[in-house]
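Here is the structure we will look at.
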Amino acid sequence: MRALGLLLGGLAAGCSFGANGTYACHDDTNCTGGPGAGRCETDLGVCSFADSSCSEGYRFGDNSGSHSGACVGDTSSIDADVDAPHDGTTPDVLVVDAQLCFGTPHQICFTTPPAQPKDLPATIDTGVDASCDLLVPQPGGLDLCVVAGTQVTVPSAGTRVYGTRPLVVVATGALTITGTLDASSRHDGANKTGPAANAATCSSANINGESDAGGGAGGGGGGFGGAGGSAGKADTNMSAGNDGDSTGGTGGAISSNTFIRGGCRGGNGGDGGGNGGAGGDGGGAVYLIANTTITVNGAVFASGAGGTGGPRDSNGGGGGGSGGLIGLDAPTIVINGTLAANGAGGGGGGGVTNSSGDAANGGDGTTTNWNQRAVPGPGGTQSPAANTPGGQGTATTFVTGDPAPASIGGGGGGGGGIGVIQTHGTVQGTQISPSPTPI
């Protein structure tokens with residue numbers, strides 16, 4: 001499919017202020033009337049205007065086809081080569097390839113670009129093909145579920161995301177988040193696992209707690225942008241002191257995020273007199289791309305789920321899930337609200353067999369309270385005092401999950417490590433956990 005733009009030969013106002021379509025220029029004199037000094041990008045035959053916010057000092061005009069609104073020098077992601085630039089003798093017709101690509105370094109290409117604006121729905125199940133406008137294979141990772149529009153909005157009611165694939169949202173213009181785009185995992189509730197959580201590439205060696213009839217050890221915390229916390233060992237003979245010999249799970253290591261993927265699950269607690277607590281799911285993966293501006297007035301969340309507390313009979317607690325991935329790619333990224341991809345707390349270690357021996361679950365990775373760490377799950381009753389808790393989760397500069405202490409009964413689970421926030425473009429905003437990594 002090809003798109004045509006026609007410039008009437010006598011139009012001296014240049015390409016930014018003509019009628020709808022793509023208008024060509026011959027030289028700088030055609031590029032007047034814009035917000036700043038105009039110049040003709042002769043290799044493309046379209047106008048740009050001075051803009052100090054762009055790295056090269058110029059931004060393409062409104063009627064520059066697929067380049068419209070982009071900074072000059074930042075258009076490699078747009079497949080819009082000019083097939084017939086003006087040389088002063090050819091007709092005033094500019095032909096532009098209609099297959100468009102957006103995003104750097106994760107590029108999404110359309111054969112037919114979006115033609116309508118889009119408000120995201122209340123829920124998106126990325127594992128359902130019909131939820132996606134486009135499915136894009138990802139070398140080394142899961143297929144991407146792409147939702148796209150000319151202008152994309154997350155409405156004030158918000159959007160909950162879950163399912164087996166990462167979510168990628170593409171706006172060929174601006175992307176605005178008014179409510180909450182929630183890709184976190186949770187310990188309880190329906191559709192509790194964030195999109196593409198628990199990636200196959202997650203570190204899993206020795207993350208589960210060791211089982212022992214005298215006391216199961218805790219599971220290690222999931223690791224992603226930061227390592228998970230190590231789990232508490234358990235005391236098999238129920239004696240006082242830290243002489244346990246049931247080994248706690250190793251916290252998950254920092255793991256690669258060269259592709260779009262979710263966070264990592266915490267390890268399961270070891271079995272004591274029954275089954276240990278389950279590890280919490282890692283946070284999900286959501287990646288946002290806009291050709292002009294991403295504005296977050298609400299929030300984007302991708303935090304992990306808390307580990308399950310160890311049941312009575314000295315069972316180990318589950319490790320907390322790591323935070324997931326939030327990506328933002330646009331020339332200008334404005335965070336007036338909150339971004340959070342925090343690690344969760346580990347479940348407490350189970351106590352002796354009585355009505356209060358069950359340990360509590362670790363707290364889910366924090367979201368609204370973006371800079372607070374998730375609480376560990378308290379341990380179950382272990383006469384004469386409570387058994388040891390799990391490890392604390394992660395937020396802001398605390399990127400590695402806390403370890404759980406050794407225990408007389410079941411061991412507590414380690415805290416989940418921090419997630420990852422990636423950005424490509426100029427970022428404004430402060431309520432961001434963890435600190436963004438430019439890509």
Distance from [X] atom [atom1] to [Y] atom [atom2], nearest 0.5 Å?
X: L175; Y: T150; atom1: CG; atom2: OG1; value: 11.0 Å
X: D329; Y: L288; atom1: CG; atom2: CG; value: 9.5 Å
X: Q422; Y: H424; atom1: CD; atom2: NE2; value: 11.5 Å
X: S68; Y: F60; atom1: OG; atom2: CZ; value: 9.0 Å
X: T250; Y: N208; atom1: OG1; atom2: CG; value: 10.0 Å

Backbone N/O of G272 and side chain of N315: donor-acceptor pair under 3.5 Å: yes
Of all heavy-atom pairs between C132 and R165, which one has the smallest distance, and what is that distance? SG-NH1, 4.3 Å
Please report the C-alpha distance between R39 and D28 in whole Å, then the side-chain angles of each, then the deciding distance to 0.1 Å, and finally whether the salt bridge (charged side-chain N to carboxylate O under 4.0 Å, His left out) criterion is met. CA-CA 4 Å; R39 74 180 185 187; D28 292 351; over 6 Å; no
Consider only side-chain N and O atoms of [X] and [Y], and report whether a donor and an acceptor are under 3.5 Å apart.
X: R59; Y: S53; result: yes
X: T193; Y: D281; result: yes
X: Q372; Y: T366; result: no

For R261, enumerate each residue passing the salt bridge (Lys or Arg N to Asp or Glu O under 4.0 Å) test, keeping only those at least two apart in sequence or located in another chain. none
So, are R186 and D364 salt-bridged, with charged N and O less than 4.0 Å apart? no
Going by heavy atoms in the side chains, are F301 and T338 under 4.5 Å from each other? yes
For S433, enumerate each residue passing the side chain to side chain donor-acceptor pair (under 3.5 Å) test, keeping only those at least two apart in sequence or located in another chain. N342
